[in-house]
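So you know, we letter chains A, B, ... as the sequences are listed, proteins then strands, and number each from 1.
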Amino acid sequence: MRMSRYLLNTLKEVPREAEILSHQLMLRACMIKKVAAGIYTYMPIGYRVIRKIEAIIREELDREGCIELLMPAVQPAELWQESKRWDFYGKVRFKDRKGADFCMGPTHEEVITDVVRRELKSYRQLPVNLYQIQTKFRDEIRPRYGLMRGREFIMKDAYSFDVNDTASEKSYWAMYHAYARIFHRCGLKFRAVEADSGAIGGSYTHEFHVLADTGEDTVLSCDHCEYTANIEKAECRKPEHVKPDAFFKMEKKETPRKKTVEEVAEFLGVTPDKLIKTMIFSTEDGTSIAVLVRGDHEVNVVKVKNFLGLDALELADEEMIQSATSGPSGFSGPVGLKIRILADLAVKEMVNAVTGANEKDMHWVNVNPERDFKVDEYHDFRLAEKGERCPRCEEGRYEQFKGIEVGQVFRLGKKYSESMNCSFLDENGKEKPAVMGCYGIGVGRTAAAAIEQNNDENGIIWPVNIAPYDVMLLNLDIQDDSVNEAAQELYENLQNAGMEVLYDDRDVRAGFKFKDADLIGLPIQVIVGKRGLKEGLIEVKVRRTQDRVKVSPQKAPARVEALLESLKEQEEQRR
RNA sequence: CGGGGAGUGGCGCAGUCUGGUAGCGCACCUGCCUUGGGAGCAGGGGGUCGGAGGUUCAAAUCCUCUCUCCCCGACCA
């Protein structure tokens, strides 16, 4: 493509709306244009990246035997009413001229289940895995960061249907491995992360996170074994049992205005790990529950929620704390507490601890679990932290990463097949619901994540496999016939050798072209100028390393091809 | 939805407090000059100041309402 005829206006200045790097660079490199909050046009150069990622996804899913189809963007309310989800989910709803309810599809479980239930008759038809690459619309409460969290976004979603759990699990792992291949091919450093499966049920799920400091999610990974988990899910190692020397007598002490763990610990001259932190939560129906953790630990609300099998759990407000503990907040403690008490495993090992006395300005000291208060259930209820020992192996410790969630594989079980009656006859002629799985990849978000991970002060550095073009060809002097001739010939020869070339033949100064080339970030730049041509040479520059080599125009295509190959290899091996 | 901030040529901003008929840089067009890291000079086109209403001789500026966008929190690919 000749840039003189392309639609690609770069920006020197950063539009004010862009907060994070990928968003800024996408705007500056003319990849996207905002149409409304969270709604973007993919400009030509940006759309090429999207298409590259889609192509990789298609290849890897097709390899697994998945089948592509395309479902509608607009969905009728009836399907959502059937699955009882019409009133949940932030979706854009509207009525047609007859007054019937519709919505922009935020996801497609309902539609795919409807499609499959009409077609599925026999176990002989299973397994089947159907996918689409489609535009979703979710009325996000707060869209931001460009393509990272839009309201309208391109997503690959796949749905597997199996005869039973065992078969479904097989489908799950096939997708897991396909995803790993996809993100490797995209040249991304990522982790498959065990994640919280939410309220949908006991099955497990993995999120795929691209590692980047700007990521919104926190991931803990063992530096020795394979264990990697979202911080919401990351298990804590069972605490060592230490035999205590002596149990002292429980005593009440005045702690005027000392409410936080730090204040109380300092006031009493102990370390925070000697305190039992008592957090009061309230469930959906207004019941209060106490959760105890060691003073230097934090409660993991997700763990508590899952343990209780609840959808929602909130920290109690002042009023609730009063009625549950008959004391003010900041002085809650388990001694004498009448509500249900859950405690983290680490609390079980605490000896002669400090805890709130459920009255203003008072704490107990020398409190011992079981002797001085009863715990209804001990369990892993706290947030794991970096540096802690791995729960799965003996040698490792947790490392912490920031990640961008670009994909998820999820076992749905029979949730939709039962509520929407998607069943088949098994080999005994018995009717059974299909066991489902669903699998998503955010295509635009993957592109954004790739930029977050691959950039420098000059701009984007595209991994070869998802770069909009392979090569940027720079003609530094379009007034000069010899330069023009050489550049034109290279343009043709590079393309004939199978490479995608963006040819900067614009009538602008050399410096301008260099800046643009770096900003747009194609993996290789081929630079043709008067200066080099005098010696019969042109320059080949690797964007990532800024390395330049001089070669003859004749040898350039082979050289560029070899460089692309080796870059590709390195990128696919990245961990 | 709660809290904070902003809407002035395509982009970045000044002007608003103290009303007087809109300005700067980038980008764009023309010419000259220049040509290996976003050159220089000269000339030029483009905005009615998010929208509606009001106050006033006069409103980007003051008042009322409204819309949009951005940032921080809970959701998600």
In whole Å, what is the span from the [atom1] atom of [X] to the [atom2] atom of [N]?
{"X": "A:Arg144", "N": "B:A6", "atom1": "CZ", "atom2": "C1'", "result": "18 Å"}
{"X": "A:Glu13", "N": "B:C24", "atom1": "CD", "atom2": "P", "result": "16 Å"}
{"X": "A:Met148", "N": "B:C75", "atom1": "CE", "atom2": "C1'", "result": "16 Å"}
{"X": "A:Ile133", "N": "B:A77", "atom1": "CD1", "atom2": "C1'", "result": "13 Å"}
{"X": "A:Ile20", "N": "B:C71", "atom1": "CD1", "atom2": "P", "result": "10 Å"}
{"X": "A:Phe137", "N": "B:C76", "atom1": "CZ", "atom2": "P", "result": "18 Å"}
{"X": "A:Arg149", "N": "B:A77", "atom1": "CZ", "atom2": "C1'", "result": "10 Å"}
{"X": "A:Asn230", "N": "B:A77", "atom1": "CG", "atom2": "C1'", "result": "14 Å"}

Please measure how far the [atom1] atom in [N] lies from the corresponding atom in [M], and state the result in whole Å.
{"N": "B:G31", "M": "B:C70", "atom1": "C1'", "answer": "42 Å"}
{"N": "B:G5", "M": "B:G45", "atom1": "C1'", "answer": "34 Å"}
{"N": "B:G3", "M": "B:C49", "atom1": "P", "answer": "30 Å"}
{"N": "B:G4", "M": "B:U8", "atom1": "P", "answer": "22 Å"}
{"N": "B:A58", "M": "B:G19", "atom1": "C1'", "answer": "8 Å"}
{"N": "B:C11", "M": "B:G50", "atom1": "P", "answer": "14 Å"}
{"N": "B:G23", "M": "B:G47", "atom1": "P", "answer": "12 Å"}
{"N": "B:C41", "M": "B:C33", "atom1": "C1'", "answer": "8 Å"}

My understanding is that a pair needs two contacts under 3.5 Å, Watson-Crick or G-U wobble. By that rule, which nucleotide pairs with [N]?
{"N": "B:C69", "result": "B:G5"}
{"N": "B:C41", "result": "B:G31"}
{"N": "B:C26", "result": "B:G10"}
{"N": "B:A77", "result": "none"}

Any carboxylate oxygen within less than 4.0 angstrom of a Lys/Arg side-chain nitrogen, looking at [X] and [Y]?
{"X": "A:Asp456", "Y": "A:Arg543", "result": "yes"}
{"X": "A:Lys277", "Y": "A:Glu298", "result": "yes"}
{"X": "A:Glu571", "Y": "A:Arg544", "result": "yes"}

Scan [X] against the nucleic acid and name what it touches under 4.0 Å (heavy atoms): base, sugar-phosphate only, or nothing.
{"X": "A:Tyr145", "answer": "sugar-phosphate"}
{"X": "A:Lys34", "answer": "sugar-phosphate"}
{"X": "A:Gly459", "answer": "nothing"}
{"X": "A:Arg16", "answer": "sugar-phosphate"}

Using the side-chain heavy atoms of [X], tell me which of these nucleotides is nearest: [options].
{"X": "A:Glu19", "options": "B:C11, B:A77, B:C71", "value": "B:C71"}
{"X": "A:Glu17", "options": "B:C71, B:C70, B:A77", "value": "B:C70"}
{"X": "A:Ala36", "options": "B:A77, B:C69, B:C71", "value": "B:C69"}

If you assign A:Pro15 and A:Glu152 each to the RNA chain B nucleotide with the nearest heavy atom, which residue ends up on the more 5' nucleotide?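 Final value for this comparison: A:Pro15.
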Which comes earlier along RNA chain B counting from the 5' end, the contact point of A:Val443 or that of A:Ala18, where each point is its nearest nucleotide?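 In this pair, the answer is A:Ala18.
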Tell me which one of A:Leu502, A:Asn475, A:Val508 satisfies side-chain contact (heavy atoms from CB on, under 4.5 Å) with A:Met3.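 The passing option is A:Leu502.
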Would you say the side chain of A:Arg151 and the base of B:C76 hold a donor-acceptor pair, judged only by whether the two atoms sit under 3.5 Å apart? no
Tell whether A:Arg445 reaches the base of B:C76 with its side chain through a donor-acceptor pair below 3.5 angstrom. yes
Return the orientation label for the [X] and [Y] ring planes: parallel under 30°, perpendicular over 60°, tilted otherwise.
{"X": "A:Tyr176", "Y": "A:His206", "answer": "perpendicular"}
{"X": "A:Tyr179", "Y": "A:Tyr439", "answer": "perpendicular"}
{"X": "A:Phe190", "Y": "A:His184", "answer": "perpendicular"}

Ring pair (Phe, Tyr, Trp, His ring centres under 6.0 Å) evaluation trace for A:Phe208 with A:Phe183: CA-CA 9 Å; A:Phe208 286 76; A:Phe183 295 121; 5.8 Å; yes
Nucleotide by nucleotide, 5' to 3', does protein get under 4.0 Å of the base (B), only the sugar-phosphate (S), or neither (-) in nucleotides 33-41 of chain B, counting heavy atoms? -BBBBBB--
Mind checking the CZ-OG spacing from A:Arg191 to A:Ser221? Nearest 0.5 Å is all I need.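 Those atoms lie 5.0 Å apart.
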Is it the case that atom CD in A:Gln400 sees more than 12 heavy atoms from other parts of the structure closer than 6.0 Å?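 It does: A:Gln400 CD has more than 12 such atoms within range.
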